[in-house]
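Quick caveat: nothing in here was measured; it's all calculated off a predicted structure.
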Amino acid sequence: MIPDPTVKSFLESLPFVADPFQVEALRVVSSGASVVVTAPTGAGKTLVAQGAVHLALGAGKRAFYTAPIKALSNQKFGEFRELHGADEVGLLTGDNVINGDAPIVVMTTEVLRNMIYAESPALDDLGLVVLDEVHYLQDRYRGSVWEEVIIHLDRSVPIVALSATIANPEEFTGWVGARRGDTELIVEHHRPVPLESLYLVRDRHHRSSTLAPIFTEKGKPNQEMTRLLRKGRGRYRRFATPRRTEVVEELLAEGLLPAIYFIFSRAGCDQAAETLAAANLHLTASDERTAIRNVVEERTAHIPSNDLGVLGYDSWREQLERGVAAHHAGMVPAFKETVEEVFAAGLVKVVFATDTLALGINMPARAVVLESLSRFTGEGHELLKAGDYTQLTGRAGRRGIDVRGSAVVLHSPYVPFERVADIAGAGSHPLQSSFQPTYNMAVNLVANYDRETALALLQASFASYRQQEHRRELEEGSSSGGRRRKPSATAPSAIAATSGRTSSGPSLGRVWPGGGLSYRGCSPAMC
């Protein structure tokens with residue numbers, strides 16, 4: 001039962017019945033507490049954000065919605081405008097500044113971080129902050145921004161942290177509670193559209209391709225595929241990575257289009273789109289080509305013709321009309337937004353993307369293709385983690401349209417099939433901190449805080465919290481006769497250490513049927 005009438009009215013206005021985890025999350029927000037929601041991609045975390053924004057507006061407050069990438073910010077900007085009207089919604093990114101004084105503002109997380117450091121007056125009547133895709137805080141280059149926001153944002157402003165499935169949500173929520181006060185965790189495990197992991201390999205001897213499940217019905221690695229690949233060993237390799245045109249032809253034959261085809265290279269995405277467009281595959285009908293042309297002309301009308309020529313406009317438009325496109329951070333905003341619009345409308349059938357379409361964007365993909373399970377990190381090539389696989393493949397499967405989504409992994413002679421199965425089957429990995437003090441952070445700390453407070457804030461990171469919890473668990477293990485328990489932030493003693501109360505006190509909060517834990521209070525040193 002939802003006691004708050006504003007939440008009740010929001011839920012009753014929906015054309016469908018909200019899921020229990022969505023209702024429970026909104027109950028937490030209506031109580032004035034912060035909430036961490038982890039759920040599989042496509043489960044409906046966005047509804048929680050929409051309901052939270054509705055609550056903030058009902059209380060006469062502003063709401064900020066932050067996202068890690070501009071593509072997601074642009075999409076959420078459009079969604080909120082449809083819900084609340086153009087005058088009520090603003091957008092602040094590196095590319096666009098639109099109606100920044102609106103009651104609802106969609107922005108990149110860096111914009112909010114900068115507002116906090118600058119003590120912007122825009123924060124004075126702020127009633128809520130949504131941190132979408134909060135697990136991005138483990139990104140080695142930008143992740144610390146999320147931690148800075150959680151640490152420095154005024155404690156009176158509750159946050160709604162939305163995340164894909166992670167392996168240590170209790171630990172993360174414990175840290176958020178240590179920084180923000182009352183915080184509850186809502187965990188949803190059900191994925192509305194089941195995901196099937198497939199493996200595609202090209203047979204050089206028979207000049208054919210084999211598309212097979214990575215797992216059996218019992219969830220075990222497909223031994224038939226293992227035996228097949230063993231036959232190809234020798235001086236001349238029998239099996240190879242399928243060509244991009246062959247992959248799309250296979251997807252077309254299997255009815256798995258539209259698809260997002262992940263290639264972790266901007267140049268690779270551009271080249272793939274050019275190659276597929278030249279292959280003369282018939283992916284779009286006449287009316288679809290007309291609709292694409294109309295969108296393209298409308299979206300690029302503000303760009304001078306000379307500039308369009310430099311940007312390769314004619315080739316790009318032809319690719320779109322043939323049903324293929326590239327999408328990456330190196331594209332001009334107008335081109336990127338056009339690709340997003342025509343793909344969301346189901347007009348373009350294959351989009352070759354880096355990881356710009358991996359986070360939270362609602363794209364109607366029936367399948368996702370991973371050309372490689374390794375990517376360049378700036379220092380070297382690394383295999384994807386289980387959580388990365390889950391995040392990328394989570395784009396597959398359209399709720400209310402598809403019976404299942406398909407994740408297609410291409411064969412690589414450098415990654416054994418058994419390793420592919422390990423990554424695909426693990427589901428998620430623990431969320432880790434990427435917090436690193438920077439010159440910019442140091443200057444802001446010195447300018448705004450005294451020495452003791454600045455040092456305390458530097459020690460308030462998620463990484464520091466994990467180290468403290470691990471040290472405490474080791475000390476408890478030593479004091480209990482050498483028996484060492486597995487570190488866990490969900491144990492009553494861990495929560496008590498965070499809150500400064502005894503383990504028998506009320507700091508444990510309440511456990512709800514969906515698996516939520518409420519962390520109440522925090523220690524003076526951390527707050």
The test is side chain to side chain contact (heavy atoms under 4.5 Å, CB included); show your working for Gln50 and His54 and say whether it passes.
CA-CA 6 Å; Gln50 292 173 350; His54 182 81; over 6 Å; no

Should [X] and [Y] count as side-chain neighbours, where that means a heavy-atom distance under 4.5 Å?
X      : Y      : result
His327 : Phe343 : no
Val409 : Ser197 : no
Trp146 : Gln138 : no
Leu410 : Tyr261 : yes
Thr393 : Phe262 : no
Thr93  : Phe77  : no
Val37  : Glu188 : no
Asn74  : Asn96  : yes

Yes or no on side chain to side chain contact (heavy atoms under 4.5 Å, CB included) for Leu185 and Glu170, after CA distance, side-chain angles and deciding distance?
CA-CA 7 Å; Leu185 169 64; Glu170 296 89 354; 3.9 Å; yes

May I ask you to decide if [Y]'s main-chain N or O and [X]'s side chain share a donor-acceptor pair within less than 3.5 Å?
X      : Y      : answer
Thr108 : Pro68  : no
Arg180 : Val157 : yes
Asp19  : Phe21  : no
Arg419 : Leu383 : no
Thr183 : Gly181 : yes
Gln22  : Gly44  : yes
Arg62  : Ala102 : yes

How close do [X] and [Y] get, heavy atom to heavy atom, and via which atoms?
X      : Y      : value
Pro40  : His190 : CG-O, 3.6 Å
Asp87  : Asn99  : O-ND2, 3.0 Å
Ala161 : Val134 : CB-CG1, 4.0 Å
Cys269 : Ala353 : SG-C, 3.4 Å
Lys76  : Thr46  : NZ-OG1, 3.0 Å
Gly268 : Ser265 : N-OG, 3.0 Å

The salt bridge (charged side-chain N to carboxylate O under 4.0 Å, His left out) partners of Glu196 (sequence neighbours excluded) come to none

Looking at residues at least two apart in the chain, or sitting in another chain, which of them share a salt bridge (charged side-chain N to carboxylate O under 4.0 Å, His left out) with Arg299?
Glu337, Glu341

Check step by step if salt bridge (charged side-chain N to carboxylate O under 4.0 Å, His left out) holds for Glu24 and Arg27.
CA-CA 5 Å; Glu24 180 64 14; Arg27 178 203 64 77; 2.8 Å; yes

Steps toward side chain to side chain contact (heavy atoms under 4.5 Å, CB included) verdict (Phe172, Ser163)
CA-CA 11 Å; Phe172 174 69; Ser163 172; over 6 Å; no

Looking at [atom1] of [X] and [atom2] of [Y], how far apart are the two atoms once the value is rounded to the nearest 0.5 Å?
X      : Y      : atom1 : atom2 : result
Leu392 : Phe264 : CG    : CZ    : 5.0 Å
Ile159 : Ile150 : CD1   : CD1   : 4.5 Å
Leu198 : Ile214 : CG    : CD1   : 7.0 Å
His135 : Thr390 : NE2   : OG1   : 10.0 Å
Lys385 : Ile423 : NZ    : CD1   : 11.5 Å
Ile186 : Lys45  : CD1   : NZ    : 14.0 Å

salt_bridge(Glu110, Arg113) N-O dist < 4.0 Å:
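Result for this pair is no, no salt bridge flagged.
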
Run the numbers on Tyr136 and Thr109 for side chain to side chain donor-acceptor pair (under 3.5 Å), then give the verdict.
CA-CA 10 Å; Tyr136 206 80; Thr109 315; over 6 Å; no

May I ask you to check whether over 12 heavy atoms, not counting those of Asp124, lie within 6.0 Å of atom CG?
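More than 12 within 6.0 Å, yes.
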
Given Val36 and Trp175, is the side chain to side chain contact (heavy atoms under 4.5 Å, CB included) satisfied, shown in steps?
CA-CA 11 Å; Val36 175; Trp175 171 69; over 6 Å; no

